[in-house]
Protein chains: 2
Amino acid sequence: MELDARKRKVLEAIVIDYIATAEPVGSRTIARKYNLGVSSATIRNEMADLEEMGLIEQPHTSAGRVPSDTGYRYYVDCIMEKKDLAYEAKKLIRDSFQIKIKQLEDLIQLSLKILSSMTSYTSLVLAPQPDKSTLQLIQLMLVEPGKALIVIITEGGRIENRIVDIPESITKADLDIVSQILNLNFKGLPIKDWDKTLLSSVRSQLIKQHKVVSLALEFLDMLLREEKDDKVYLAGALNIFNQPEFRDVSKVRSILELLEDEDALSNILKEEMEDGIQVRIGGENKYEGIKNCSLITATYKLNGKTLGTIGLLGPTRMHYAHAISILEFITDTLSITLKRL
Amino acid sequence: MELDARKRKVLEAIVIDYIATAEPVGSRTIARKYNLGVSSATIRNEMADLEEMGLIEQPHTSAGRVPSDTGYRYYVDCIMEKKDLAYEAKKLIRDSFQIKIKQLEDLIQLSLKILSSMTSYTSLVLAPQPDKSTLQLIQLMLVEPGKALIVIITEGGRIENRIVDIPESITKADLDIVSQILNLNFKGLPIKDWDKTLLSSVRSQLIKQHKVVSLALEFLDMLLREEKDDKVYLAGALNIFNQPEFRDVSKVRSILELLEDEDALSNILKEEMEDGIQVRIGGENKYEGIKNCSLITATYKLNGKTLGTIGLLGPTRMHYAHAISILEFITDTLSITLKRL
DNA sequence: TGTTAGCACTCTCCTTCGTTGAGTGCTAAT
DNA sequence: ATTAGCACTCAACGAAGGAGAGTGCTAACA
């Protein structure tokens with residue numbers, strides 16, 4: 001779709017004004033506030049054209065115009081200038097990440113909080129799936145006779161643990177041996193690469209601790225089974241209510257329902273695992289409940305490997321340029337910080 | 001405050017009807033639906049009396065009556081009959097707890113989900129504070145040269161872990177020694193009982209691993225410092241919107257703000273640490289934002305020791321009898337299940 | 001041919017005003 | 001002490017009417 005310079009200016013004015021005010025934009029407003037050097041009548045003509053192209057629409061006859069999903073799309077793709085984040089904002093983010101954090105989870109929570117407070121939208125993270133991670137350490141320890149703790153650390157810094165019942169005859173030394181052998185065999189291997197030959201060879205090496213090995217493997221198995229429900233974090237869900245278009249409970253309901261449904265969120269975010277910034281505007285979203293929302297997503301990485309998705313959910317009337325630059329900077333900072341973990 | 005039998009009946013009718021319908025209750029309604037054997041005029045007189053006593057109020061002149069906070073209080077204390085939970089409900093709860101769960105956190109989440117879905121109110125838990133717990137195991141392990149994982153298990157089944165940087169010279173054997181000695185000295189002791197003499201004696205035993213010990217102690221120190229911000233879990237926050245009195249966003253806002261503020265929630269729940277069921281009705285709540293809500297709380301225990309608080313937050317127009325019996329049964333079941341952990 | 005002023009028209013929003021209905025308080029009769 | 005009856009009050013609802021914002025169209029203009 002090709003637009004001449006003036007039509008672009010008009011569309012831009014409508015998008016910008018509507019994003020700022022949440023009110024349909026009239027031709028007079030544009031003529032007054034955005035000096036395009038033409039009268040409101042001319043703008044009216046342009047607007048009629050833009051409407052015919054489906055880029056803007058009228059809520060009702062005597063109202064101003066509002067960008068349509070396609071209008072926003074055109075704005076995001078062809079008009080909007082990606083502006084670099086202000087220095088102070090960058091500094092604020094960088095400083096926040098300076099705190100000594102050693103836990104992946106805390107880092108994610110931090111990112112979310114910053115993201116939400118700086119954009120006043122809802123922010124979400126789909127956290128690394130264990131099966132995409134690589135085992136860094138597995139350790140079994142005796143809690144008390146008959147009980148052992150299994151701890152697993154994956155490369156992404158994710159720590160999983162579980163207490164299991166074991167035979168009372170198993171000693172601390174036994175567990176150390178098991179830990180040692182499991183580490184020897186599985187360290188550095190992505191969990192999904194473990195195969196049966198390897199498993200049975202390990203099992204045969206540890207006949208005495210057979211029961212313990214089984215339990216440990218059972219736990220790992222469970223982690224694999226859990227693969228589908230990755231953790232989803234979110235922050236700033238309340239921010240939705242700051243948007244005038246969502247002042248009515250009935251309109252937020254479907255969104256809130258989504259936000260309480262981890263599985264649905266996880267599925268939505270999982271589709272956005274592609275690298276780089278993704279923008280889903282209004283009806284472009286597959287999930288019914290957020291057809292009047294926009295979702296901007298990005299991925300964060302460790303050593304070039306994509307670990308998870310981080311997203312911003314707001315109204316279609318979203319401040320795209322701003323949101324994108326913040327999201328981009330935060331995922332970058334997060335990725336860098338992860339490397340230091 | 002003493003009420004004659006008929007006044008009690010009238011108050012009861014008003015409370016029950018208002019809880020069910022959320023509409024102010026008129027004298028005619030009571031005469032029709034709750035056969036007290038007297039005419040609406042008589043009930044009108046009784047209502048005038050009840051209003052003078054401050055037990056009920058009129059939203060406006062020509063409306064019916066609504067229970068006041070004191071009215072609800074009287075109802076809860078003196079009129080309401082504590083009914084036992086239906087067998088099916090009990091079975092449902094017991095069955096849900098049958099799932100093999102080994103993690104305290106999952107158990108809490110489960111309780112919350114059941115609670116919310118059975119009451120359609122918002123449920124909260126203030127989880128055990130580490131300083132009230134007793135150390136069951138501390139273990140340090142080598143993740144890779146220069147990095148160690150510290151794991152701490154407390155008696156309540158709470159697991160805390162942290163990765164720390166250590167000197168590269170420290171070996172796995174060193175860490176094992178440190179773990180062993182720390183366990184020897186601190187196992188079974190409530191964290192808050194550790195004193196300086198003990199600490200320095202441990203330190204002098206482990207001169208070579210001095211740096212590691214320091215880090216471990218630093219971590220423990222941090223846990224102590226963290227004492228104030230205990231974990232708060234919640235579920236069913238969305239349920240608020242099912243209440244007709246909260247269909248307006250502006251009225252839910254303050255509640256939602258509270259629900260997003262872990263510290264505030266924690267403080268509120270911390271005040272309800274007394275044993276047994278506590279009911280805070282409307283204005284009895286100290287936090288401004290929930291002055292038109294009621295909060296029912298109970299504590300869950302392990303071996304007679306109170307571990308945490310579990311609460312139900314709903315409108316003052318809450319189905320008290322039902323809510324209380326469910327909450328009571330769930331905390332009991334939770335406490336029993338904890339013992340099996 | 002593109003731009004603009006002018007004007008009639010449309011539609012929402014707000015206010016006003018009367019009507020309805022639920023519910024009350026009081027009074028007088030039982 | 002209870003109750004029937006009645007006048008009164010007030011929120012809720014809807015109709016009516018203006019105000020205001022914005023449009024589309026037409027005709028004049030550069």
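By convention in this document, chain letters (A, B, ...) are assigned in the order of the sequence lines, proteins followed by strands, and residues within each chain are numbered from 1. Being a predicted model, the structure only gives us computed values, none of them experimental.
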- Residues, nucleotides or ligands: over 12 heavy atoms within 6.0 Å of B:Lys291 NZ: yes
Nucleotide [N], atom [atom2] - distance to [atom1] of [X] in whole Å:
X	N	atom1	atom2	answer
A:Ile43	D:dG24	CD1	P	13 Å
B:Glu51	C:dC26	CD	P	11 Å
B:Asn45	C:dC26	CG	P	9 Å
B:Arg32	C:dG23	CZ	P	8 Å
A:His60	D:dG20	NE2	P	16 Å
B:Lys33	C:dG23	NZ	P	11 Å
A:Ile30	D:dA21	CD1	C1'	14 Å
A:Glu52	D:dT23	CD	P	16 Å

Can you figure out which of [options] approaches the side chain of [X] most closely?
X	options	value
B:Ser27	C:dT4, D:dT23, C:dT24	C:dT24
A:Gln58	D:dG24, C:dC11, D:dT2	D:dG24
A:Ser62	D:dT3, C:dT4, D:dA21	D:dA21

- Task: Would you kindly compare B:Val38 and A:Arg65 by the position of their nearest DNA chain D nucleotide and give the one closer to the 5′ end?
- Result: B:Val38
- Mapping A:Ala41 and A:Pro24 onto DNA chain D by nearest heavy atom, which one lands closer to the 5' end? A:Pro24
Under-4.0 Å salt bridge between [X] and [Y]:
X	Y	result
A:Arg65	A:Glu57	no
A:Lys82	A:Glu328	yes
A:Lys251	A:Glu245	no
B:Lys9	B:Glu46	no

- Message: Regarding C:dG25, can its base be found pairing with the side chain of B:Arg44 as donor and acceptor, where the two atoms are less than 3.5 Å apart?
- Response: yes
- Query: Is a donor-acceptor pair below 3.5 Å formed from side chain A:Thr61 to base C:dC11, judging by atom type as modelled?
  - Reply: no
- Message: Over all strands shown, is B:Ser40 touching base, sugar-phosphate only, or nothing at heavy-atom distances under 4.0 angstrom?
- Response: nothing
- OP1 or OP2 of C:dT4 under 4.0 Å from side-chain N/O of A:Ser39: yes
- Query: Between B:Arg28 and D:dA4, is there a side-chain N or O to OP1/OP2 distance below 4.0 Å?
  - Reply: no
